[in-house]
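Just so you know, these numbers come straight off a predicted model, no measurement behind them. Because only heavy atoms are used, hydrogens play no part in the values below, and waters and symmetry mates are left out as well, while side chains stay in. Each ligand, and each atom within it, is numbered from 1 in the order the structure gives.
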Amino acid sequence: MKAHIVGGGFGGLAAAAYLIRNAQVPGEDITIYEADARMGGGFFLGGSSESGYNLPGSVFDAEFRCTFYLLDVVPSASNPGVSIKEEFFTFNKNHPFDDRARLIDRNGRIVHGPRFGLSWGDGFHLARLALTPEAKLDGRRIEEFFTPHFFASEFWLCYSTIMGSLPQHSAMELRRYLNRTLHMFPYISDMANIWRTPFDQYDTFIVPLVAWLRERGVNLVNGAFVQDVGFDPSRGGITVNRLDYERDGAAISVAVAPDDFVLLTFGSQAADMSTGSMSQAPVPQSAGRSWALWKRLAQSRPSFGNPDAFFGAAHVSDSRWVTFTVTTRGKEFLDLMSALTDSETGSGGLVSLIDSAWMLSLSIFHQPEIIDQPDGTYVWWGYGLFPERTGNFVPKPMNECTGAEILEEVLRQLRFDEQFDAIMASSICIPCDMPYANNIWLKRTSTDRPPPVPEGSTNLGLVGQYVEVSRDVAFTIEYSARTAWEAIRTLLKRGPAPPPVYQAQFDPKALFNALKLFLCPSTTRPPVR
Ligand SMILES: Cc1cc2nc3c(=O)[nH]c(=O)nc-3n(C[C@H](O)[C@H](O)[C@H](O)COP(=O)(O)OP(=O)(O)OC[C@H]3O[C@@H](n4cnc5c(N)ncnc54)[C@H](O)[C@@H]3O)c2cc1C
């Protein structure tokens, strides 16, 4: 029995690890085909300290159950004496966020008030949505459930800039988020129980996981774009008998036996990502490779879902993020931010500039952020939730800006005018356009994402954020890991079932703390979980 996995993001890598750990499939019988030159998908690390790094931000909590089950047996890259899980938990216990300036307005004032600005009506609407059965939320938008007061509240500004939600997004996904993250509500401003990776996500998760798979003989094939899979017509249901991929200009076809397994990653939040430089804006891409296979298969099979709900030009204005990573040899910016936010470098979480047209959020990492980051180099990160709007100081949409223009907008927003020249001279800002980064939030129906094993399938499973599993939230590696585990267990009928999704609404402590937030708004925050 051979296993073929298409996509080497966290979901595909996790699938290989579950096959080994839970289903006792030998590593040498597993092949991962990845279109990109590196494994990792949305967890990437581009550039260098000289040219400027490019990486995504970092939001986790302690309840990534499928993920940490796996990462408990994989040694960390920075300290092979401990597992990735142990490294991650120890780091977060020792370095909890203590964000004292989560939101800053146009006058440089920190915005923070009792109950995070929520009215009793807002609280009622939140509870109503959380309690509405998902079946009644097909195709519905968040804005249908709230008043304008809610969208102007501190709570919504904190929540939406951490999670990515917009008023026009999916009410179904927000319902899942509310129930999954209720335990975070009292900490939505200081971020004290929101976790992060000790180093960037590629170094923390992908490098050691790839090494672990390699040691076990897994075949990792990069630069292999899988264009099609063939189905055996004599078997009636869905039985894959062929996999076609293109590599280095050559077309290669692999025969798949009926007792082999194929796991396909459908889509990527990092699809069509493009980077720029200090002097060049990212050049838009429209290759569409990461959802091409999904689109091809869904055309003739309705049970494969609806990729058009997430991908294609139609919804990009509701899903685009522009991120930027700043690599600097000077400490001016970090020192100014420490003074502004009353936090040591790396102890604050996100800082959102709520009056900026792009809705800029900044994250000053604990240093070093990258394992081999040279001494005297510092890295920080940011993103714009509304990148297609015109900037306040730079009169352009963010996705059309060079790194220098984005950095200029940030510095002008912060009124760091005196140190402007010094910061510009010592910094490299790499802009990164991600037209689909936020598409998991798009309004959807319950059939837009196919199940981990489509009906009638004998040897095909589906993995990733565009595959439907109940209750979990999709902007997480946990979601992709869960789909992989579900698909493997359903197809192979081996190993334990995935642990249940953490549901904070059934956790008495989380409920109590959330109620206290409303009933005793002046109380200090409860101890961190
Ligand atoms: C800016 C940003 C920040 C994020 N921060 C966090 C965070 O802090 N915490 C968190 O949990 N999650 C975060 N995420 C989400 C995280 O990146 C995803 O959950 C995760 O990457 C999903 O893994 P995946 O394997 O399903 O998909 P991906 O990582 O997107 O990987 C899919 C891979 O499949 C490949 N592929 C697709 N089709 C084919 C084909 N036909 N042939 C060959 N290869 C193919 C693609 O090239 C890609 O590498 C973030 C995402 C973004 C964009």
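Close approach of ligand 1 to Ser58 (heavy-atom distance below 4.0 Å) involves ligand atoms 8 (O). Listed by atom number, the atoms of ligand 1 under 4.0 Å from Ala35 heavy atoms are 43 (C), 44 (N). Applying the 4.0 Å criterion to heavy atoms of Phe475 picks out, from ligand 1, the atoms 4 (C), 10 (C), 12 (N), 13 (C), 14 (N), 15 (C), 50 (C), 51 (C), 52 (C). Atoms of ligand 1 lying under 4.0 Å from any heavy atom of Gly40, numbered from 1 in the order shown and given with element: 29 (O). Ligand 1 places these atoms under 4.0 Å from at least one heavy atom of Phe64: 11 (O).
Ring-plane geometry between His95 and Phe91 is classed as tilted, the angle between the planes lying from 30 to 60 degrees on a 0 to 90 degree scale.
By the 4.0 Å heavy-atom criterion, Gly57 is counted among the residues contacting ligand 1. Residue contacts with ligand 1: Trp294 is excluded, as none of its non-hydrogen atoms falls under 4.0 Å. For the ligand labelled ligand 1, residue Ala224 lies inside the 4.0 Å heavy-atom shell.
For ligand 1, one of its N or O atoms has an N or O atom of Gly42 under 3.5 Å away. Residue Pro56 places no N or O, backbone or side chain, under 3.5 Å from any N or O of ligand 1. Residue Ser268 has at least one nitrogen or oxygen atom sitting less than 3.5 Å from a nitrogen or oxygen atom of ligand 1, judged on distance alone.
Relative to the six-membered ring of Tyr69, Arg21 meets both conditions, a distance below 6.0 Å and an angle of at most 45° to the axis. Annotation: cation-pi pair Lys85/Phe89 present, NZ/CZ under 6.0 Å from the ring centroid and within 45° of its normal. Cation-pi contact between Arg489 and Tyr18: absent, since separation from the ring centre below 6.0 Å together with deviation from the ring axis within 45° is not met. A cation-pi arrangement is absent between Arg65 and Tyr502, since the terminal nitrogen or guanidinium carbon is not both under 6.0 Å from the aromatic centre and inside a 45° cone about the axis.
By the criterion of a heavy-atom distance under 4.0 Å, the side chain of Met434, and not its backbone, is placed next to ligand 1. With a 4.0 Å cut-off on non-hydrogen atoms, Glu478 does not touch ligand 1 at all. Only the side chain of Phe60 comes within 4.0 Å of ligand 1, counting heavy atoms alone; its backbone N, CA, C and O stay farther away. Contacts between Ala271 and ligand 1 below 4.0 angstrom, taking non-hydrogen atoms only, are absent altogether. Only the side chain of Val6 comes within 4.0 Å of ligand 1, counting heavy atoms alone; its backbone N, CA, C and O stay farther away.
Closest to atom 26 (O) of ligand 1, if we only count protein heavy atoms, is Ser480 OG, 2.7 Å. The closest protein non-hydrogen atom to atom 11 (O) of ligand 1 is Ile477 N, 2.9 Å. The protein heavy atom nearest to atom 36 (N) of ligand 1 is Gly7 CA, 4.0 Å. Closest to atom 35 (C) of ligand 1 among all protein heavy atoms lies Glu34 OE1, 3.3 Å. The protein non-hydrogen atom at the shortest distance from atom 31 (O) of ligand 1 is Gly9 CA, 3.4 Å.
Residues forming a side-chain contact (heavy atoms from CB on, under 4.5 Å) with Thr490 (at least two apart in sequence, or on another chain): Val453.
Under the ring pair (Phe, Tyr, Trp, His ring centres under 6.0 Å) rule, Trp291 has a single partner from Phe266, Tyr436, Phe310, which is Tyr436.
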- Task: Give the C-alpha distance, both sets of side-chain angles, the deciding distance and a yes or no for side chain to side chain donor-acceptor pair (under 3.5 Å) between Ser253 and Asp244.
- Result: CA-CA 4 Å; Ser253 204; Asp244 301 331; 2.7 Å; yes
